[in-house]
**Student:** 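Structure incoming, see below.
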Amino acid sequence: MQQLNLRLKLNGDSSEDQSAKQRVKQASERRVAAVETVEEAWQRILSMKNSDADQAKLLEVKQAMASGKVGRNPADVKKRFSKAEALRLYKDLAESQREEKLAELVQKTPSNYRLINTEDSFAELLADLANEEIIAVDTETTGLDVYVDVIVGISLTLPKADYHVYIPIRHKEGEQLNPDYVLAKLKPFMEDEGLGKVLHNAIFDIAMFRRHGVGFGGLAWDSQTAMHLLNENEAEKVKGQTPGNYKLKYLAPKYLGVESDTFDELFGKNTRFDDVPLDIALVYAAKDTDLTWHLYKFQESHMRRMPEMFKYYTGVEVPLLYVISDLEANGYILDLDFAKEYGEKLNREAEELHDYLLTELSKYHDGDTPLNLNSPQQLKPALSKAIGKQLPNLDAKRTLKPLKSEFEIVAKLLKYKGITKLSGTYIDKLPTKQNSTTKRWHSRFNPMGTVTGRFSSGKDEADTSNQGFNVQNQPEDARKMFVAPPGKVIIGADFKAQEIRCVAHLSEEPALIEAFEQQRDPYATLAVKFTGKPYEEVNKNPDGSDTKERKMMKVAWLAALYGTSKYTMAEQLNTTPDEAEAFMKDLFDSLPVLRDWIKGNEEFASKYGFVWMDKNQRKRRLPNATLKAKWGDRDTWREKNRAMRQATNARVQGSSSIQTKVTMIEAAKMCAEKGNGWCLWGSVHDELLFEAPEDFTREDIEDVKRVMTESYKFGKVANGTDIEVMKRWGEGVTVDAWFENKKGETK
DNA sequence: ATTCTGAGCCAC
DNA sequence: AAACGTGGCTCAGAAT
């Protein structure tokens, strides 16, 4: 009861109460300090509301204090032992542990780790390298920007000679060989196709060697991409679990049972590797190739048990890394004048809309700060009041668009959102990402960025330069910033209806097979089968637009592929869920082979917990597919059904991505044969883009067509491609139009 | 001051 | 028995 009274007083806010509050607090602190033992303080601190991370740190400090590893700072002893002090002690503890750890590592340096920093030891290494068939390679660098940073040392593992080396070349302290000399001597080995090489994240090191004028050959294995193929779920986010990753330092303990500290753990976040003393650098860096080598042996033995996957990995994914390396290094050119002018136009429009919206909506906004239109949290209640309708969210497509014609303000908001997205993410942003060294724009193409095998594109995971960007989601309007280099064109070639052809092949549905045999539009063909109307009538309207039958088939098609629910389908077809369901049932009844194929995918996944991509080259593991959905267990039900949808989708997406990757390799070969400035410019899932001299010929186009349609066949289903030519991305013309235009110019 | 998460939206 | 598969980026706002 006394406590309650005290609290009531403390909560008062008159100045008298304030000073009373302070006096009471000070008195109580004096009392606690006088009587509280450190043990009691611990009880108090540990029972506070601490984050999990803090609690763990606190417990560690408590233990360290008990064993005498850390003690209180004499200056603090008079004060009450606080949580803040305990956390300060944690820092001291971590620092001393780090030093201890480093000393221990150096002391326990394996006898077959060699620091190469003399003429003699380097000569011996070169002689031994000549006897190796396959080695492991890694570089240590000043940072992660492969166009700006430099190599500070090189690690090699020589399996036959049975030792691991670190060759420091640019550390700030310690005896080292001349960097140019070392690189010149290593160059023939690095470029030797006959000397196999194993790396972890090879794209990075290949780019680093390239930067120093050293080519790369003989790539045999990349333990990072191989791991993705062996377990694409390693980094999956599961509730209540910390997700894994594909870093060597994570994989080695997990799969090799070897203890391994990360760079940050050992050296802290802001240490550059050229600051690391050589004895420590040796044990850290040589361990990298040591671990990479062992991870390779482990992975190889596993993958060999899946021969088709092994063949695919070594035959496609590994050589693809060279292709990506060239593609990324080539980079892009942006038309900065265009971007500036366009950006200014967008910003003017946005400003006008912003003024209007703020004027109209501010009166419905409560709060001390002005309404922020970019904050859904603030905008939702304000807009709801303005239009007199409670909005569930501000989803442009679902929520706002239907209200667009009824409310002027919603229409303006949609326009505003569209413009600010375009300028904020693309038109104004991309120009700031020019690389200082190459003066070009470089993106990343991660061949294992997705669980199905598609590429992802963007910035490097650990890259802090903020210069990365996603090439694969550039909207139509932003693509216009990308231009061909002077004297060149961009040639775009897509896989016509890639995923549908893929399904035709995998399912062997006769209606689809037949459509492609007759070179007919697949959606129209489905519409014929379903409606009984003639092809011409359902394919295109007289004005060239889509017929409603064809549109419906397209929606239904995607629904089958993606597992759309009847509710979403109803929205898309503008009908009721029941009708949508009935329509899908009728449709699938008319395509029984396709229906059974989808069912088969689901049954396979339910039984085995994974599905195969085309020709068993790759797996998509879906452990949740084996769940038994129980009544009332919503989470299980949701996960199970998600896995069922993924089963079919992954097979289609993954098999299609195999086609794209195989074709990229053949396309790169074609470019190399042609020379004369031909190279790959990009890839966006179902299309490849080339850079070519603007005096390319019709024969060149025939070669592109051949590469696109013949590099990877979906069984007996023919491939198709549409090719266009452009000086500016997205402003393409047909090949015929290009040559017609040229004829006109020369006349 | 830095890092994380969710909403939202771009691509195929 | 409600929400379409694969990604990445930006911004706001919260957590640390």
Side-chain angles (χ1 to χ4, degrees), chain A residues 50-54 57 87 232 237 269 369 371-380 392-400 414 417-418 420-430 433 443-446 448-461 464 466 468-479 494-495 497-499 555-572 577 580-581 620 622 629-638 640-654 656-657 660 682-687 730:
Chain A
N50 302 313
S51 68
D52 289 354
D54 276 355
K57 286 177 187 172
L87 288 176
E232 73 282 3
K237 282 182 185 131
K269 249 194 170 127
T369 51
L371 174 64
N372 181 350
L373 294 180
N374 292 326
S375 162
Q377 206 178 97
Q378 294 178 29
L379 192 56
K380 193 172 84 169
N393 52 48
L394 294 175
D395 187 306
K397 246 210 268 253
R398 241 193 208 113
T399 310
L400 299 181
L414 280 169
K417 283 173 84 129
T420 51
K421 168 83 175 176
L422 182 59
S423 68
T425 308
Y426 305 103
I427 307 296
D428 289 351
K429 218 29 146 301
L430 252 48
K433 295 173 184 270
S443 179
R444 292 275 291 107
F445 282 88
N446 184 353
M448 293 292 185
T450 73
V451 289
T452 55
R454 272 188 175 185
F455 280 95
S456 70
S457 164
K459 67 182 177 68
D460 200 279
E461 191 195 341
T464 51
N466 213 19
F469 59 95
N470 183 349
V471 189
Q472 296 182 323
N473 76 340
Q474 295 295 319
E476 175 118 42
D477 288 330
R479 290 184 177 190
D494 73 348
F495 293 102
Q498 185 185 36
E499 294 198 336
V555 170
W557 177 261
L558 290 170
L561 230 59
Y562 295 157
T564 311
S565 72
K566 58 183 175 181
Y567 305 96
T568 307
M569 276 222 40
E571 271 180 18
Q572 287 169 355
E581 193 179 29
R620 173 74 180 107
L622 299 164
K630 278 172 273 176
W631 278 101
D633 186 347
R634 284 185 163 209
D635 287 350
T636 307
W637 187 88
R638 194 171 52 232
K640 168 83 181 180
N641 278 278
R642 185 172 145 77
M644 292 298 96
R645 291 193 296 270
Q646 287 169 311
T648 290
N649 184 263
R651 293 198 71 194
V652 181
Q653 204 180 96
S656 297
S657 77
T660 300
S683 163
V684 189
H685 308 307
D686 69 344
E687 68 175 324

**Student:** A:R634: what forms a salt bridge (charged side-chain N to carboxylate O under 4.0 Å, His left out) with it, not counting sequence neighbours?
**Tutor:** none
**Student:** Mind checking if A:R454 touches a base, just sugar-phosphate, or nothing, with heavy atoms under 4.0 Å?
**Tutor:** base
**Student:** Taking the minimum atom-to-atom distance to the side chain of A:S565, which one of C:dT6, B:dA11, C:dA3 wins?
**Tutor:** C:dA3
**Student:** Would you please name every residue forming a salt bridge (charged side-chain N to carboxylate O under 4.0 Å, His left out) with A:K640, sequence neighbours left out?
**Tutor:** none
**Student:** Base, sugar-phosphate or nothing for A:K417? Non-hydrogen atoms, less than 4.0 Å.
**Tutor:** sugar-phosphate
**Student:** Heavy atoms from C-beta onward define the side chain here; which of C:dC4, C:dG13, B:dA11 lies closest to that of A:R479?
**Tutor:** B:dA11
**Student:** Go through the side-chain N and O atoms of A:Q498 and A:T660 and say whether any donor and acceptor fall under 3.5 Å apart.
**Tutor:** yes
**Student:** Would you indicate which nucleotide in B:dG8, C:dT6, C:dG13 comes nearest to any side-chain atom of A:R620?
**Tutor:** C:dT6
**Student:** Restricting to side chain to side chain donor-acceptor pair (under 3.5 Å), what partner residues turn up for A:D633, sequence neighbours left out?
**Tutor:** A:T636
**Student:** With rounding to the nearest 0.5 Å, note down the distance linking NZ in A:K433 to NZ in A:K429.
**Tutor:** 6.5 Å
**Student:** Starting from P on C:dG5, measure out to CH2 on A:W557 and report it in whole angstrom.
**Tutor:** 17 Å
**Student:** Would you kindly give the CD-to-P distance between A:Q474 and B:dC9, to the nearest whole Å?
**Tutor:** 18 Å
**Student:** Can you list everything that forms a side chain to side chain donor-acceptor pair (under 3.5 Å) with A:S423? Sequence neighbours excluded, please.
**Tutor:** none
**Student:** Starting the side chain at C-beta, find the nucleotide from B:dA7, C:dA1, B:dC9 nearest to A:W637.
**Tutor:** C:dA1
**Student:** I'd like to check the salt bridge (charged side-chain N to carboxylate O under 4.0 Å, His left out) partners of A:E499; sequence neighbours left out, ordered by chain and number.
**Tutor:** A:R454
**Student:** Indicate, with a heavy-atom threshold strictly under 4.0 Å, whether A:Q377 touches base, sugar-phosphate, or nothing.
**Tutor:** sugar-phosphate
**Student:** Please classify the nucleic acid contact of A:A650 as base, sugar-phosphate, or nothing, using heavy-atom distances under 4.0 Å.
**Tutor:** nothing
**Student:** Roughly how many Å is it from CZ in A:R398 to C1' in B:dC9, rounded to a whole number?
**Tutor:** 13 Å
**Student:** Regarding A:E499, tell me which of base, sugar-phosphate or nothing describes its non-hydrogen contacts under 4.0 Å with the strands shown.
**Tutor:** nothing
**Student:** Dump every N/O contact between nucleotides 7-11 of chain C and the protein below 3.5 Å, one line per pair.
**Tutor:**
residue: C:dG7; atom: OP1; partner: A:V451; partner atom: N; Å: 3.0
residue: C:dG8; atom: OP1; partner: A:S456; partner atom: OG; Å: 3.3
residue: C:dG8; atom: O4'; partner: A:N470; partner atom: ND2; Å: 3.0
residue: C:dC9; atom: OP1; partner: A:K459; partner atom: N; Å: 3.0

**Student:** Contact class for A:Q498 (heavy atom, under 4.0 Å): base, sugar-phosphate, or nothing?
**Tutor:** nothing
**Student:** Which nucleotide in the set C:dA3, B:dC12, B:dC9 lies at the smallest distance from any side-chain heavy atom of A:D395?
**Tutor:** B:dC9
**Student:** For DNA chain C, whose closest nucleotide is more 5', that of A:H685 or that of A:R638?
**Tutor:** A:R638
**Student:** Could you tell me how far apart A:R642 (CZ) and C:dA2 (P) are, to the nearest whole angstrom?
**Tutor:** 18 Å
**Student:** CG of A:L394 versus P of B:dC9: gap in Å, rounded?
**Tutor:** 8 Å
**Student:** On a whole-Å scale, what distance lies between the C1' atoms belonging to C:dA3 and B:dA7?
**Tutor:** 16 Å
**Student:** Let me know, please, whether A:N641 or A:Q646 comes out on the 5' side of the other along DNA chain C by nearest nucleotide.
**Tutor:** A:N641
**Student:** Go through C:dG5, C:dA12, B:dA11 for me and flag the one nearest to the A:S375 side chain.
**Tutor:** C:dA12
